[in-house]
Amino acid sequence: MYKTGDIVMYPGTGVCRIEDIVTQKFARTEEKTYYVLRGVYDNAGTTIYCPVDNENIKVRKLLSKEGVSLLIKNASREEKLWVDNDNERKKIFSAILKEGDRTKILKLIIEIHEKQAEKESEGKKLHLSDEKILVQAEKAIHEELAYSMDIKVDEVAAFVMKEMNVEL
C-alpha cells in the first residue's frame, strides 16, 4: 500500500501524487478505502478517487533513474512492431498500450517517429490512427520518464533518442 505524498503512475492520467487516503461511501457503493490522486502534470486540478484494492486499474511506482536507463537499453530496435496493414497495426498498437509494457510502448513510439520521418521525406503524412496512438503512447511514458529523470516532458523524446543513438 502506498502512503500520502507518494508519486505513482495512474493509467490514463499519468504521474500522480497521492494527496490522501480516505475511507468513503459513494452513491450506490459500499464503503471503501481510496487513494485520492492529483495529476502532477494536470493543470486542470482533477481529483481521482482510486480504490486501494482495485484489480482492474493498477496504480504503480515510477521508474527510478536506473530503471529508466534499463528501459531504454532494453528497448531493442531489432524486433519490429510496425505492420503495413492499417487495421492490423491499429489493433496491435492498441493492445500494446492497453498491456502497459513500458519497453514495448517505448519501441512503439520510436517506430512511429521513424515512420513519420520516412513519410515526411516522401511528402506524405502518418495515418490518423497512428498519430492518435503516438499521442497516447507518449502520454503513457513521457511524464514518467520526465519525472524520474528530472527533465521537462517536452525534452523526453530528445533524451531517449540521444540515449539510444537514434537520429530522425
Side-chain angles (χ1 to χ4, degrees), residues 2 6-18 37-44 46 48 50 54-168:
Y2 298 104
D6 284 351
I7 305 294
V8 296
M9 278 298 292
Y10 182 75
T13 301
V15 177
C16 291
R17 175 175 283 105
I18 298 177
L37 306 173
R38 194 163 320 262
V40 170
Y41 297 101
D42 177 15
N43 294 330
T46 307
I48 300 162
C50 176
N54 193 334
E55 292 296 320
N56 298 324
I57 300 174
K58 299 289 183 191
V59 173
R60 63 172 171 76
K61 282 186 158 190
L62 294 182
L63 288 169
S64 64
K65 285 186 178 188
E66 295 78 24
V68 171
S69 295
L70 192 58
L71 171 69
I72 292 170
K73 181 182 171 198
N74 288 336
S76 162
R77 296 177 55 236
E78 291 154 15
E79 175 196 352
K80 292 293 180 190
L81 300 172
W82 192 268
V83 174
D84 287 330
N85 180 291
D86 293 339
N87 290 330
E88 187 65 26
R89 184 175 62 250
K90 183 179 177 182
K91 273 197 253 182
I92 291 169
F93 286 0
S94 294
I96 288 170
L97 286 177
K98 186 174 182 179
E99 180 185 314
D101 180 316
R102 289 175 272 199
T103 303
K104 285 183 181 177
I105 293 172
L106 185 57
K107 289 165 69 168
L108 181 145
I109 291 168
I110 292 164
E111 285 194 34
I112 293 175
H113 275 291
E114 288 175 335
K115 191 56 81 169
Q116 187 175 39
E118 180 185 310
K119 294 264 188 198
E120 284 175 4
S121 73
E122 299 169 352
K124 298 179 181 177
K125 288 187 168 188
L126 270 180
H127 196 279
L128 183 61
S129 64
D130 295 322
E131 289 178 7
K132 287 180 179 179
I133 293 280
L134 180 61
V135 168
Q136 293 171 334
E138 286 180 336
K139 177 154 179 51
I141 206 143
H142 281 198
E143 287 185 6
E144 180 173 11
L145 297 187
Y147 195 91
S148 295
M149 299 307 293
D150 196 25
I151 60 177
K152 294 178 181 165
V153 174
D154 61 2
E155 295 172 349
V156 170
F159 168 78
V160 170
M161 297 303 183
K162 181 179 174 228
E163 292 295 309
M164 293 186 76
N165 296 316
V166 174
E167 290 185 35
L168 294 178

If the condition is side-chain contact (heavy atoms from CB on, under 4.5 Å), which residues does Ser94 pass it with, not counting sequence neighbours? Lys90, Ile133
Please report the C-alpha distance between Leu81 and Ile92 in whole Å, then the side-chain angles of each, then the deciding distance to 0.1 Å, and finally whether the side-chain contact (heavy atoms from CB on, under 4.5 Å) criterion is met. CA-CA 8 Å; Leu81 300 172; Ile92 291 169; 5.5 Å; no
For residues 6-17, run the donor-acceptor check on the side chains, cut-off 3.5 Å, and write out each pair with its distance to 0.1 Å, sequence neighbours left out.
| unit_1 | atom_1 | unit_2 | atom_2 | d |
| --- | --- | --- | --- | --- |
| Asp6 | OD1 | Lys3 | NZ | 3.4 |
| Asp6 | OD2 | Lys3 | N | 2.9 |

Side chain proximity check, Leu70 to Glu66, heavy atoms < 4.5 angstrom: no
Checking Lys98 now: which residues fulfil side-chain contact (heavy atoms from CB on, under 4.5 Å) with it, not counting sequence neighbours? none
For the pair Val160 and Met164, evaluate side-chain contact (heavy atoms from CB on, under 4.5 Å) and give the outcome as yes or no after the intermediate values. CA-CA 6 Å; Val160 170; Met164 293 186 76; 3.9 Å; yes
Stepwise side-chain contact (heavy atoms from CB on, under 4.5 Å) test for Leu97 and Ile105: CA-CA 7 Å; Leu97 286 177; Ile105 293 172; 4.3 Å; yes
When rounded to the nearest 0.5 Å, the distance separating OH of Tyr2 from CZ of Arg60 is 8.5 Å
List in chain and number order the residues that pass side-chain contact (heavy atoms from CB on, under 4.5 Å) with Lys91, two or more places apart in sequence or in another chain; answer none if no residue qualifies. Glu88
Using the rule given for side-chain contact (heavy atoms from CB on, under 4.5 Å), can you reason through Val68 versus Phe159, listing the C-alpha separation, both sets of side-chain angles and the distance that settles it, and then say yes or no? CA-CA 11 Å; Val68 171; Phe159 168 78; 4.2 Å; yes
How about Lys107 and Ile96: do any of their side-chain heavy atoms sit closer than 4.5 Å? no
Which distance, rounded to the nearest 0.5 Å, do you find between the CG of Asn74 and the OG of Ser69? 10.5 Å
Mind listing the side-chain donor-acceptor pairs of residues 148-157 below 3.5 Å, one per line with the distance, residues two or more places apart or on another chain?
| unit_1 | atom_1 | unit_2 | atom_2 | d |
| --- | --- | --- | --- | --- |
| Ser148 | OG | Leu63 | O | 2.5 |
| Ser148 | OG | Glu144 | O | 3.0 |
| Glu155 | OE1 | Lys152 | N | 3.2 |

Is any side-chain heavy atom of Thr103 less than 4.5 Å from a side-chain heavy atom of Leu71? yes
Do Glu122 and Lys119 meet the salt-bridge criterion of a basic N to acidic O distance under 4.0 Å? no
Going by the salt bridge (Lys or Arg N to Asp or Glu O under 4.0 Å) test, which pairs reach into residues 126-142, not counting sequence neighbours? Arg89-Asp130, Lys139-Glu143
